[in-house]
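Let me begin by presenting the structure, written as structure tokens, before commenting on it.
Chain letters run A, B, ... following the sequence lines, proteins first, then strands; residues in each count from 1.
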Amino acid sequence: MSRENQGPDEGGAEAPEQLALIRESVRKAKVPRAKPRTWRGAAVAGALPVARVLVDKGVLHLDRYFDYAVPEELDAVAQPGVRVRVRFGAGARNVRDGRREGGGLIDGFIVERCAESDYQGPLAALAQVVSPEPVLDERLLGLARAVADRYAGSLADVLQLAVPPRHARAEARESGEAPAPPDAPEPGSWRRYGHGAEFLGALASGGAPRAVWTALPGPEWAEEIARAVQATLASGRGALVVVPTGRPAARVDAALTELLGEGRHALLTADAGQEKRYGEWLAVRRGAVRAVVGTRAAMFAPVRDLGLVVIWDDGDSSHSDDHAPFPHVREVLELRASRDKCGFLLGSWSCTVEAAQLVESGWAAPLVAERDQVRAAAPLVRTVGDGDLARDEAARAARLPTLAWRAVREGLKHGPVLVQVPRRGYVPRLACERCREPARCRHCAGPLEARESTGALCCGWCGRDEAAWHCGACGGFRLRAQVVGARRTAEELGRAFPAVPVRTSGREQVLDTVPGAPALVVSTPGAEPVAEGGYAAALLLDGWAMLGRPDLRAGEDALRRWIGAASLVRPQGVGGTVVIVAEPTLRPVQALVRWDPVGHAVRELSERAELSFPPVSRMAAVSGTAEALSGFLAGAELPPDAVVLGPVPVAETTPGPSRRPGAAPPGEHWERVLIRVPPGSGAALAASLKTAQAARMARGARGVKGARGAGSSGGARGSKGAREAGAAADAVWIRVDPLDIG
DNA sequence: AGCACGCCGACT
DNA sequence: GTCGGCGTGCTC
């Protein structure tokens, strides 16, 4: 049943403007098309009087547009892409005595101007055009929609990531003119790679090459990226570079300034203020700046005539957005490269399984150096395994094997020495030092943990203290336990090498660079300072801890972090040495010794294929109460080749600073299924999940609380009885490409 | 989410 | 008759 408020003057041939106010609702035969009009009888735009608006209201509407009438006075500014404010809500149609009540003002974007609407009813008018700046052009909208589809998320959620909040002062400033394109660069150190010069040449001549680039260790990568950008600019196109954090962003920024001069590129990072951020973004959108380097939010930067997208170090978890629908920079840039037919460059010292897959599928070409180039650039890597440690009683007590000791002492004669220590709290699980049997609670067999505060042993499941643990398998009573933090390692090393300054770099305080003079630099992974002239040596401690995590990516991640540290060390030709304390038979350790991250990734990839694991198969996780989950699955029309794994109980909300999205709210029991589809069915899976979710929302199921950020929780649980409790219980969380599997 | 509509029981 | 609680459905 439709409830049209058709006025008496309805359906005639009168001009769209100057329509009388609608009074009481009069039911009439359906009129095929609604005429735009405004409530107070104000005039509407003559041509294209309907504005199709994307209302920015989260998960509610999924991907629907709403039509509004364009008042005459807004005709000129109400162009596609501009931000608007509109009345939205049930109250908006409460028409009595010509007064509209309720229906608050909310933000939206005009997506399109049309001659008529297919909505059968009177249109409300745009309340306000916030600014004439067309921030959401067709390209960006298309990309946002593709990302929403890929991740089974809502368009509005993606737009929140893609369009920064407006800042009026920034908008008022002129952005200036785009400078003339620079000359094409010399290949420089790109010559070290088989097809490096060729790749640059293709970019400079307007081509769209796609490459997975395994960067040689050392500091040249930033300049190499800058040269690729310059080559793209030389072709008259724009370029976009996304790096994981502010530090590498600063390096690429410096390299671009060096190569292109000031003012030819924008730096888009999270720590800039809103005004600066929006100003830079606008300069990019307006075409005044053609090159962008930034962290993950920059992946949506509206670069004009995009010719190249670059992602550096795609294995870094910072590339995964932490807002719904959790898009990953690599995936978004892949979409951009495909949609805009532009070049694509994925660079890393290491290699993810996903990168290997891009090469294997033929989507991108490998961009690698010859073996002798690798040997010339990489340090010498030596291992200290369990066997060596066992034979090395004295060193064991000091946690520093003889070989490592010697490498440090030797290195310190020639320059700074890096010591990489896993972060505290990076502990996998406690195990018997002698036989490696995991340490379990004698009551419930849960994993034993060391209490944060006291270090005392307790059970991670039942919480009981364990005062006198001994190994059930071999009777040993020593645990291989906590990773010693960077600070304590620094103290120990300071005592061992009293004449040498010791510096630490970690989460709280990250050092950017250290001088080339002899010093011990103790750092957690990812926080390693760059040393002037490179480190003379590096020591990678507690490798077992890095590998011990119950995660599909543990091996790949460990190798990435080791290579990240080892890449800061001088080449072996000038004495650069790395000592890693880890079992030399383990695959990632061997890959480090051989400096073969690609081989490692390729092997992982084939194993994942055999096991039907991502990224070969695509997975999605759906979580909620048992009831909501079964209801969702019953209603979903999954692709025929989908396999549903589970449900299994969701791990209790982890006690920690950030509650993981998809974890059960406190006091609720949630379950999770993983849904897996074979290669080629990923899009169908996402579509079916989105459809099922939309259908559920349309019926009573209330939106997922906190879908827009992990924070918000329960609401008015239990207060108003079944309705609200039922609504919360109905909600399910959907995450395509969940991170924590394995 | 909000909000209005409408159905049904209770009461001046 | 009419008031108001709450279940249902819509938002241009």
>> My understanding is that only residues two or more places apart in sequence, or in another chain, count here; which of them pass salt bridge (charged side-chain N to carboxylate O under 4.0 Å, His left out) with A:Glu671?
In response: none

> Rounded to whole angstrom units, what separation is found between the CZ atom of A:Phe88 and the P atom of C:dT11?
Replying inline: 8 Å

> Does the side chain of A:Leu240 reach to within under 4.5 Å of the side chain of A:Leu333, using non-hydrogen atoms?
Replying inline: yes

> C:dC12 P sits how many Å from A:Phe66 CZ, rounded?
Replying inline: 7 Å

> To the nearest Å, how far apart are A:Tyr68 OH and C:dT11 P?
Replying inline: 10 Å

> Rounded to the nearest Å, what distance is computed from the CG atom of residue A:Asp56 to the P atom of nucleotide C:dC12?
Replying inline: 16 Å

>> Expressed as a whole number of angstroms, how long is the span from A:Gln120:CD to C:dC10:P?
In response: 14 Å

> For the pair made of CZ in A:Phe109 and C1' in C:dC12, what is the distance, rounded to whole Å?
Replying inline: 18 Å

>> What is the separation between atom CZ on A:Arg64 and atom C1' on C:dC12, rounded to the nearest whole Å?
In response: 9 Å

> Would you say A:Arg85 and A:Ile106 make side-chain contact, with heavy atoms under 4.5 Å?
Replying inline: no

> Is there a side-chain contact between A:Ile311 and A:Glu334 (heavy atoms, below 4.5 Å)?
Replying inline: no

> Roughly, in whole Å, what's the span from CG in A:Asp107 to C1' in C:dC12?
Replying inline: 16 Å

